[in-house]
Protein chains: 2
Amino acid sequence: MGDMVETTDTGLPRAVAIAWGMEEVPQRGPSRGLSHERIVGAAIEIADAEGLAAVTMQAVAKSLGFTTMSLYRYVSSKEELLWLMQDAALAIPEKLKLPADWREALRVWAGVIRVAYRSHSWALDIPRGPVSVLMPNSVRGANHGLAALRDLPLTNDEKIGVILVISQHVAGSVELEQNLADQGVVAVPAEGVKALSEVITPERFPHLVPVMESGNYIADDTPVIESDHGIDPEYDLGLDLLIAGLEAMEQQRRQNPVDTE
Amino acid sequence: MGDMVETTDTGLPRAVAIAWGMEEVPQRGPSRGLSHERIVGAAIEIADAEGLAAVTMQAVAKSLGFTTMSLYRYVSSKEELLWLMQDAALAIPEKLKLPADWREALRVWAGVIRVAYRSHSWALDIPRGPVSVLMPNSVRGANHGLAALRDLPLTNDEKIGVILVISQHVAGSVELEQNLADQGVVAVPAEGVKALSEVITPERFPHLVPVMESGNYIADDTPVIESDHGIDPEYDLGLDLLIAGLEAMEQQRRQNPVDTE
DNA sequence: ATACTCTGTTTATGAGTTACACAGATACGC
DNA sequence: GCGTATCTGTGTAACTCATAAACAGAGTAT
């Protein structure tokens with residue numbers, strides 16, 4: 001179940017209302033010294049510089065020159081702040097010029113999302129749930145994805161499925177990239193490889209061992225060169241496969257039409 | 001960069017050594033009252049029952065009838081315990097009978113991974129990084145994935161890419177499912193939908209709005225029936241597309257061979 | 001003017017990880 | 001056998017966090 005999400009009087013999660021600029025600014029009290037924008041901006045700066053774990057209410061408040069508790073006048077919990085950060089970090093342009101060919105369009109779209117994730121990869125550590133889906137940049141992203149798929153003979157549900165799958169692939173590959181990067185490439189020294197080879201034997205893992213030996217699966221000591229063994233190939237491969245799969249589906253649909261409403 | 005990972009004298013991360021049963025049991029002191037297995041088991045029980053957030057060193061120790069600090073004789077940090085939990089939760093059988101046809105084999109393989117993830121979905125909240133890759137069940141999974149791809153005309157690097165992409169899809173869809181489930185379906189009441197419709201207009205989001213209106217994208221109030229609107233379709237769609245993409249790639253390779261070593 | 005409401009602050013609580021020092025248990029070297 | 005080094009589980013305590021509660025003052029509506 002999970003704890004309840006703070007909602008406004010419209011029934012929308014507060015984070016959603018804030019992100020869409022729908023929160024009513026109070027009239028009566030003293031004028032405010034802070035704003036959601038400034039708070040979220042400060043939090044993002046910290047996350048960029050020192051990682052999401054360094055984003056504490058105290059750190060954010062301090063960087064703004066306010067006390068910790070003052071933030072709670074703008075945000076009802078840290079979770080809410082994280083949602084606002086996630087949305088703000090994933091900036092997607094409202095207007096996006098997409099190529100006519102759907103393949104190209106999908107590539108451009110995926111690229112835009114990828115750039116957004118990569119520029120603030122900590123945003124992926126914040127759970128994406130029903131709240132995130134209603135946030136402005138998520139909505140913008142979905143709109144563009146559907147635009148790219150416009151001419152494909154798919155049902156609405158299928159189109160939504162496709163953009164979900166693709167954006168998940170993008171998110172997954174960026175996340176992998178990030179995790180490999182910041183767990184600080186565990187270069188296994190020669191002695192470690194020897195120890196492992198006593199449990200990872202060809203008899204127990206007949207398909208894996210040959211691949212490991214021929215490739216750079218385990219980097220024995222040699223510090224993995226970043227640019228060389230990045231996961232761009234993994235991103236490209238996945239996208240290529242998905243697009244090729246869609247082409248096949250398109251072919252099939254053209255021969256065997258389905259009511260796409 | 002991230003903090004350093006605790007390693008043994010072989011240079012392997014301690015979690016890896018423990019999981020493979022390579023840690024040397026001390027000789028001299030009093031006999032041990034606990035074991036890694038019992039600790040990890042207790043932690044998993046808690047995670048299953050109350051979620052990963054409920055797994056605190058204190059909770060685990062208490063459920064075993066020991067003090068919090070006693071755990072640190074077995075595990076050098078909470079992070080290490082989490083890695084052990086992740087591996088133990090993702091139990092993959094060492095032997096797995098795969099169909100001859102690679103398409104079927106991939107489906108079976110993906111299904112096995114999916115079942116593992118689903119049975120302890122909190123395991124997905126633990127970052128998968130270079131350490132995870134060396135853990136026994138990860139190695140087992142990779143081995144089976146490569147077995148499924150045995151007959152495809154791909155290079156080793158491509159095969160690794162494919163199993164990465166697929167397992168990422170599986171992980172992503174289970175994670176989505178979990179997040180939707182435990183953020184407790186934010187059913188937006190009618191008033192909220194109305195508020196949203198003032199910012200999510202057909203003019204600003206021409207491709208999205210029609211889809212939303214025709215489908216069940218936003219569930220307005222009506223409590224979403226679990227079984228109905230699950231994300232099985234999303235999982236299936238992604239897997240279908242990837243497999244269709246691989247078929248296309250196979251075709252192309254058979255006509256235009258490449259040295260797959 | 002007066003009452004109401006909102007501001008930012010101070011203070012305090014409770015949960016969490018983990019360092020450190022201790023008393024006792026156990027096996028190894030002689 | 002005996003001492004010694006080593007390992008056990010425990011108690012205490014330091015430190016970091018999120019956040020509840022009460023408060024004094026600022027600004028607006030009546």
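So that the names make sense, note that chain A is the first sequence line, chain B the second, and so on, each numbered from 1.
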>> Once salt bridge (Lys or Arg N to Asp or Glu O under 4.0 Å) is applied, do any residues pair with A:Glu191, and if so which ones, sequence neighbours excluded?
In response: none

> In B/S/- notation, 5' to 3', how is nucleotides 13-18 of chain D contacted by protein heavy atoms closer than 4.0 Å?
Replying inline: ----BB

>> List the residues meeting side chain to side chain contact (heavy atoms under 4.5 Å, CB included) with B:Val199, not counting sequence neighbours, and say none if there are none.
In response: A:Trp20, A:Met22, B:Leu196, B:Arg204

> Got a sec, which residues hit salt bridge (Lys or Arg N to Asp or Glu O under 4.0 Å) with A:Arg118, two or more places apart in sequence or on another chain?
Replying inline: A:Glu177, A:Asp232

Write out a two-atom table: protein N or O, nucleotide N or O from nucleotides 26-30 of chain D, distance below 3.5 Å.
| residue | atom | partner | partner atom | Å |
| --- | --- | --- | --- | --- |
| D:dG27 | N3 | A:Arg28 | O | 3.3 |
| D:dT28 | O4' | A:Arg28 | O | 3.1 |

>> I'd like the 5' and 3' limits of the part of DNA chain C contacted by chain B, with heavy-atom contacts below 4.0 Å.
In response: C:dG16 to C:dA27

>> Without decimals, in angstroms, what is the distance between B:Lys62 NZ and D:dG9 C1'?
In response: 18 Å

>> On a heavy-atom basis, which atom in B:Arg128 and which in B:Tyr117 lie closest, and how many Å separate them?
In response: CD-OH, 4.1 Å

Hey, can you pull the donor-acceptor pairs under 3.5 Å for the side chains in residues 34-57 of chain B, sequence neighbours left out?
| residue | atom | partner | partner atom | Å |
| --- | --- | --- | --- | --- |
| B:Ser35 | OG | B:Arg38 | N | 3.1 |
| B:His36 | NE2 | B:Tyr74 | O | 2.8 |
| B:Arg38 | NH1 | B:Gly33 | O | 3.3 |
| B:Asp48 | OD1 | B:His120 | ND1 | 2.7 |
| B:Asp48 | OD1 | B:Trp122 | NE1 | 2.9 |
| B:Asp48 | OD2 | B:His120 | ND1 | 3.2 |
| B:Thr56 | OG1 | B:Ala59 | N | 3.0 |

>> According to side chain to side chain contact (heavy atoms under 4.5 Å, CB included), who are the partners of B:Ser76, at least two apart in sequence or on a separate chain?
In response: B:Glu6, B:Arg14, B:Glu80

> Mind checking what makes side chain to side chain donor-acceptor pair (under 3.5 Å) contact with B:Gln58, not counting sequence neighbours?
Replying inline: none

> Under the side chain to side chain donor-acceptor pair (under 3.5 Å) test, which residues partner A:Asp125, sequence neighbours left out?
Replying inline: A:Gln178

>> If you compare every side-chain N and O of B:Ser70 against the phosphate oxygens of D:dG9 (OP1, OP2), does one of them come in below 4.0 Å?
In response: no

> Which residue, B:Gly65 or A:Arg73, contacts DNA chain D at a nucleotide closer to its 5' end, judged by nearest heavy atom?
Replying inline: B:Gly65

>> Among residues at least two apart in sequence or on other chains, which ones pass salt bridge (Lys or Arg N to Asp or Glu O under 4.0 Å) with A:Arg73?
In response: none

>> I'd like to check the side chain to side chain contact (heavy atoms under 4.5 Å, CB included) partners of B:Asn137; sequence neighbours left out, ordered by chain and number.
In response: B:Asp87, B:Ile92, B:Arg140

